[in-house]
Novice: 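My structure is below; once you've seen it, I'll send some questions.
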Amino acid sequence: MEHSGEQPAPYVRARRDDDLADCVRTLREVHDKDGYPVNWPADPAGWLTVRGRTAAWVALADERVVGHVVLAGTGAGDVAPALVAPGTGVAMVGRLFVGPAARGRGVGALLLGRAAREARRLGVRAVLDVVATDTAAIALYERLGWEFLGPGQQEWGPGELVDVRCYAAPPAAADPDSEETP
């Protein structure tokens, strides 16, 4: 049988507890290449298990975890929720990353689309804060039609302020098609 050389399309599914080790491995690759997260967590699996989490998903390619995203309630340091219209319910998109080897295959768009659809299903708008120097992530959000809400600053620790840009998910019609399994 001849192999065509085409890779199967990546897809997104709900994160399971047994995915965490693979998520940490991929996160380490991202940190080593891109410096995300800026401060490597003492407990990376715990960092991925966000308090107030609504849902978490992984992206798989060739049955390997290649990306991750979380949708959660808002926290005290989140900037984006204060920039949406008063009375608008929001959920925070976070812990979004795509392994270096899987980039350029639409994985980030799939993960963002899944989180935005879940937020809409819950009757809220997905928002996120991104470090202002992360130009690759900013380019992705803007290419996908995420609305720039404004700049802000987050306190990451005592005396550590970080400039962020805040975005909100586009309307449903702007979501890219998604390859998902339950």
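Predicted model, so just to flag it, every value in this text is computed and none were measured.
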Novice: Do you know the tightest heavy-atom contact between Val98 and Gly108?
Specialist: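 In this case the closest contact between Val98 and Gly108 is CG2-N, 3.7 Å.
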Novice: Check for me, please, whether Phe148 and Leu144 land in the same ILVMFWY cluster - side-chain distances under 4.5 Å, paths through other members count.
Specialist: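 Hydrophobic grouping puts Phe148 with Leu144.
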Novice: Are Val70 and Trp146 grouped together when hydrophobic residues (ILVMFWY) are joined by side-chain heavy atoms under 4.5 angstrom apart?
Specialist: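 Different clusters.
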Novice: What are the two closest non-hydrogen atoms of Asp78 and Gly73, and how far apart are they?
Specialist: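 Looking at all heavy atoms of both residues, the shortest contact is OD2-O, 4.3 Å.
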Novice: Starting at CZ of Arg103, measure out to CZ of Phe97 and round the result to the nearest 0.5 Å.
Specialist: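 Going from the CZ atom of Arg103 to the CZ atom of Phe97 covers 10.5 Å.
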Novice: Within the structure provided, determine whether Glu118 and Val69 are in side-chain contact (heavy-atom separation under 4.5 Å).
Specialist: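 Sidechains of Val69 and Glu118: no contact.
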Novice: Identify the two heavy atoms, one from Ala116 and one from Ala126, that lie closest to each other, and give their separation to 0.1 Å.
Specialist: CA-CB, 4.0 Å
Novice: Do Val30 and Pro100 have side-chain heavy atoms sitting under 4.5 Å apart?
Specialist: yes
Novice: Are Met92 and Asp129 packed together at the side-chain level, in the sense that at least one heavy-atom pair is separated by less than 4.5 angstrom?
Specialist: yes
Novice: Rounded at 0.5 Å granularity, tell me how far CG in Leu110 sits from CZ in Arg13.
Specialist: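 Those atoms lie 14.0 Å apart.
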Novice: Is the side chain of Arg117 donor-acceptor paired with the backbone N or O of Gly113 at a distance under 3.5 Å, no angle test?
Specialist: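 Yes, Arg117 side chain to Gly113 backbone: donor-acceptor pair under 3.5 Å.
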Novice: Would you compute the distance between atom CZ of Arg125 and atom CG of Leu149 and round it to the nearest 0.5 angstrom?
Specialist: 6.5 Å
Novice: Return the CZ to OG1 distance between Arg121 and Thr54, rounded to the nearest 0.5 Å.
Specialist: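 The OG1 atom of Thr54 is 9.5 Å from CZ of Arg121, to the nearest 0.5 Å.
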Novice: Give the C-alpha distance, both sets of side-chain angles, the deciding distance and a yes or no for side-chain hydrogen bond (donor to acceptor under 3.5 Å, both in side chains) between Arg165 and Tyr167.
Specialist: CA-CA 7 Å; Arg165 291 176 58 92; Tyr167 289 86; 2.9 Å; yes
Novice: Do Val162 and Val38 come within less than 4.5 Å of each other through their side chains, counting heavy atoms only?
Specialist: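 Of all side-chain heavy-atom pairs linking Val38 with Val162, none is under 4.5 Å.
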Novice: Hydrophobic clustering (ILVMFWY, side-chain heavy atoms < 4.5 Å, transitive) - are Val127 and Val50 grouped together?
Specialist: no
Novice: Could you report the tightest heavy-atom contact between Pro81 and Val90, atom names first, then the distance?
Specialist: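 Nearest pair, atom of Pro81 first, then Val90: CB-CG2, 3.8 Å.
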Novice: Measuring only between side-chain heavy atoms, which start at C-beta, is Pro170 closer than 4.5 Å to Glu147?
Specialist: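 They are not in contact (no side-chain heavy atoms under 4.5 Å apart), so the answer is no.
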Novice: If two hydrophobic side chains count as joined below 4.5 Å and joins carry through other members, does Val79 share a cluster with Val84?
Specialist: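 Same cluster.
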Novice: Are Val66 and Leu96 linked, directly or through intermediate hydrophobic residues, by side-chain heavy-atom contacts shorter than 4.5 Å (ILVMFWY only)?
Specialist: yes
Novice: Do the non-hydrogen side-chain atoms of Leu111 and Val12 ever get within less than 4.5 Å of each other?
Specialist: yes
Novice: How close do Ile138 and Val131 get, heavy atom to heavy atom, and via which atoms?
Specialist: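 Answer, listing the atom of Ile138 first, then Val131: CD1-O, 4.0 Å.
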Novice: Do Arg15 and Cys23 come close enough that some side-chain heavy atom pair is under 4.5 Å?
Specialist: yes
Novice: How far apart are the closest heavy atoms of Ala14 and Asp19, and which atoms are they?
Specialist: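 Ala14 and Asp19 have their closest heavy atoms at O-OD2, 4.1 Å.
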Novice: Under a 4.5 Å cut-off applied to non-hydrogen side-chain atoms, are Leu27 and His68 in contact?
Specialist: no
Novice: Supply the atom-to-atom distance Arg95 CZ to Leu128 CG, rounded to the nearest 0.5 angstrom.
Specialist: 12.5 Å
Novice: Is a side-chain donor or acceptor of Thr26 paired with a backbone partner of Gly99 at a separation under 3.5 angstrom?
Specialist: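 Checked: no pair found.
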Novice: Is it the case that more than 12 heavy atoms not belonging to Arg64 sit under 6.0 Å from its CZ atom?
Specialist: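 At most 12 heavy atoms, drawn from other residues, nucleotides or ligands, come within 6.0 Å of this atom.
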Novice: With the threshold set at 4.0 Å, does a side-chain nitrogen-carboxylate oxygen contact exist between Arg16 and Asp18?
Specialist: yes
Novice: Would you say CG of Asp17 has more than 12 non-hydrogen atoms from neighbouring residues, nucleotides or ligands within 6.0 angstrom?
Specialist: no
